Amino acid sequence: MGIGFYRTVRVKEGCADRFQRLMLGYAKAISMYEPGCTFHATSRSATNPLEFTVHEEYADRGALEFHRTSDHTRLWLPVILREVASVSVSCFAIQEEDAVRS
């Protein structure tokens, strides 16, 4: 069974563009080094320029644990978090029969 997260991230005033660039670089590292990360996207709110949604999905808990302890996460996360004012997290399970892939 997979696991996923929606993170609603509010960045500090004046940090939105840098946050967006940092998340793009981080997503590239994740796609290169984490085959267990099946989806990762960052979207900027159309109504609040300081708010982003980060959507992550992992094949299983082992893939999530690899993500949390990876060298690139230890490198990128402290830099990204300097731009962040607040984060709220929603976790969900992914049942294979629920997943629709094109």
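For clarity, every value in this text was computed on a predicted model and none was experimentally measured.
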inquiry  = Quick one, His72 and Met32 - any side-chain contact, counting heavy atoms below 4.5 Å?
reply    = no
query = Judged by atom type as modelled, is there a donor-acceptor pair below 3.5 Å linking the side chain of Arg10 to the main-chain atoms of Leu50?
reply =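 Answer holds: no.
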message = Which label fits Phe92 and His55: parallel for a plane angle under 30°, tilted from 30 to 60°, or perpendicular past 60°?
response =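 Judged by the thresholds at 30° and 60°, the geometry between Phe92 and His55 is perpendicular.
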Which distance, rounded to the nearest 0.5 Å, do you find between the [atom1] of [X] and the [atom2] of [Y]?
{"X": "Thr53", "Y": "Arg7", "atom1": "OG1", "atom2": "CZ", "result": "12.0 Å"}
{"X": "Thr38", "Y": "Ile3", "atom1": "OG1", "atom2": "CD1", "result": "11.5 Å"}
{"X": "Leu22", "Y": "Gln20", "atom1": "CG", "atom2": "CD", "result": "10.5 Å"}
{"X": "Phe5", "Y": "Glu57", "atom1": "CZ", "atom2": "CD", "result": "11.0 Å"}
{"X": "Ser43", "Y": "Glu51", "atom1": "OG", "atom2": "CD", "result": "11.5 Å"}

message = Is it the case that atom NZ in Lys12 sees more than 12 heavy atoms from other parts of the structure closer than 6.0 Å?
response =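 Above 12, so yes.
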message = Other residues, nucleotides and ligands only: do more than 12 of their heavy atoms fall within 6.0 Å of CZ on Phe66?
response = yes
message = So which atom in Val87 and which in Val84 form the shortest heavy-atom distance, rounded to 0.1 Å?
response = CG2-CG1, 3.5 Å
message = I need the minimum non-hydrogen distance between Ala16 and Phe52, along with the two atoms involved.
response =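 Looks like O-CZ, 3.6 Å.
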task = Would you please say whether a donor-acceptor pair under 3.5 Å links the side chains of His40 and Glu34?
result = no
message = As a test of understanding, state which of Thr42, Val54, Thr73 forms a side chain to side chain contact (heavy atoms under 4.5 Å, CB included) with Tyr26.
response =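 Single side chain to side chain contact (heavy atoms under 4.5 Å, CB included) partner of Tyr26 among Thr42, Val54, Thr73: Thr73.
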request  = Identify whether Leu64 and Met1 are in the same connected component of the hydrophobic contact network (ILVMFWY, side-chain heavy atoms under 4.5 Å).
outcome  = no
ask   = Hey, quick one: are Phe19 and Leu75 part of the same hydrophobic cluster, counting side-chain heavy atoms closer than 4.5 Å, chains of contacts allowed?
value =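 Yes: a chain of side-chain contacts under 4.5 Å links Phe19 to Leu75.
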message = Enumerate the salt bridge (charged side-chain N to carboxylate O under 4.0 Å, His left out) contacts for residues 80-91, please, sequence neighbours excluded, ordered by first and then second residue.
response = Arg18-Glu83
Verdict with supporting geometry, Asp17 and Arg44, side-chain contact (heavy atoms from CB on, under 4.5 Å) = CA-CA 10 Å; Asp17 291 338; Arg44 194 171 190 171; 3.0 Å; yes
